[in-house]
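Here the structure comes first, spelled out in C-alpha cells, and everything after it is commentary.
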Amino acid sequence: MNIFRLAGDMTHLLSILVLLLKIYATKSCSGISRKTQELYAIVFVARYLDLFTDFISVYNTFMKVVFIASSLAIVWCMRFHPMVRRSYDRELDTFRHYFLVGASFALALILHEKFTVQEIFWAFSIYLEAVAILPQLVLLQRSGNVDNLTGQYIFFLGAYRAFYILNWIYRYLTEPHFTRWIACVSGVVQTALYADFFYYYFISWKNNSKLKLPA
Amino acid sequence: KEADDVKDEL
C-alpha cells in the first residue's frame, strides 16, 4: 500500500458517501444516472469475485464489501424506494449502457492477463469502469444545472482514479516486476473522460458560480 | 495461484 493508493481509495469511498448523503438527505436522486450506478454495481461484483477465495487484508476485504454493498443499495434505492424513485430523471437517462457492458466483455475476451474466468471478469470490470461514467456525464449535459452534492460526487469519482495513476507510476518505479498495463491504460482513459467535467468544475469553483455544463 | 496473479488493488 502507498499513499497514492490510500488517497485514491479514500477519495473513492468519499464519493460514495457523498452520493449516499445526497440520496438520504434529499430523498432525491435527480441528476443521478441510474444506469451509471447499475454499471458500477456490475463492475464491483465482476471485479471482486475473489472476495471469498483470496484474502489480502482486512482493509481489502472490508472495502470490497463496502463497495459492493453500497453500489447495490444505491441501485435498489433508485429502483424501489418510493420517494427516491419518483425523482429519477428517466427521460434524461437514456444512454444505451448495455452496449458498454457488451463491448467491455468482448474486449476482455480478447485483452486479458490470463484466459481464466476470474481474470476475464477482472479485465471486464476494468474496461467497464472506464466507461461507466458516460451515462452520468450525458445526463448532466442534458439536465444543465448540477446540484452541489452531485458535482462533488462526480469530482471525487474522477479524482480517485487519478490518484491510482500516481500509484501505478510509484509502483512501477519502486517494484521491479510491477506492470498493470490493462488497469493503467484503462485508468488513463477513465480519467480523461472527466477532463471537460473537471474543467467546468474548476471554472465554477474559481468564479464561485453554479456548475453548468454547456448543452 | 501465483503471487503476482493475486490482485491486491481495489
Side-chain angles (χ1 to χ4, degrees), chain A residues 1-2 4-13 16 43-44 46-51 53-57 59-68 71 112-116 118-119 121-123 125-126 129 160-161 163-165 167-168 170-171 175-180 182-184 186-187, chain B:
Chain A
M1 173 61 83
N2 59 64
F4 303 112
R5 184 142 67 93
L6 186 61
D9 291 342
M10 292 304 105
T11 306
H12 193 186
L13 185 62
I16 292 170
V43 164
F44 292 134
R47 185 173 304 175
Y48 301 148
L49 293 176
D50 63 348
L51 178 63
T53 54
D54 296 337
F55 177 79
I56 311 271
S57 68
Y59 170 81
N60 186 273
T61 301
F62 174 73
M63 293 296 276
K64 286 176 176 177
V65 170
V66 166
F67 287 158
I68 291 174
S71 60
H112 42 261
E113 284 175 6
K114 272 195 169 177
F115 197 76
T116 65
Q118 204 156 345
E119 285 290 337
F121 272 92
W122 179 79
S125 79
I126 292 289
E129 185 187 1
Y160 114 82
R161 215 60 180 167
F163 278 121
Y164 256 77
I165 291 170
N167 152 66
W168 289 316
Y170 175 83
R171 291 189 77 176
E175 296 173 29
H177 307 294
F178 180 80
T179 50
R180 277 276 168 82
I182 288 178
C184 196
S186 193
Chain B
K1 285 169 71 169
E2 292 87 61
D4 68 334
D5 268 2
V6 175
K7 303 272 186 282
D8 62 345
E9 296 181 344
L10 289 171

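Letters A, B, ... mirror the listed sequences (proteins, then strands); counts begin at 1.
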- Item | Spacing of OH belonging to A:Tyr59 relative to CG belonging to B:Leu10, to within rounding of 0.5 Å | 5.5 Å
- Mind listing the closest non-hydrogen atom pair of A:Arg180 and B:Val6 along with its distance? NH2-O, 3.9 Å
- Message: For the CZ atom on A:Phe44, are there more than 12 heavy atoms of other groups (residues, nucleotides or ligands in this structure) within a distance under 6.0 Å?
- Response: yes
- Message: Could you check whether B:Lys7 pairs with A:Glu119 (Lys NZ or Arg NE/NH1/NH2 to Asp/Glu carboxylate O, under 4.0 Å)?
- Response: yes
- What part of A:Tyr48 gets closer than 4.5 Å to chain B, counting heavy atoms only: side chain, backbone, both or neither? side chain
- Item | Part of A:Asp9 within contact of chain B (heavy atom distance under 4.5 Å) | side chain
- Heavy-atom pair count under 4.5 Å with chain B, highest-scoring of A:Phe178, A:Phe67, A:Tyr164: A:Tyr164
- Note on the structure: For A:Ser186, the side-chain hydrogen bond (donor to acceptor under 3.5 Å, both in side chains) test, sequence neighbours excluded, returns none
- Across all chains, not counting sequence neighbours, the side-chain hydrogen bond (donor to acceptor under 3.5 Å, both in side chains) partners of A:Arg161 are none
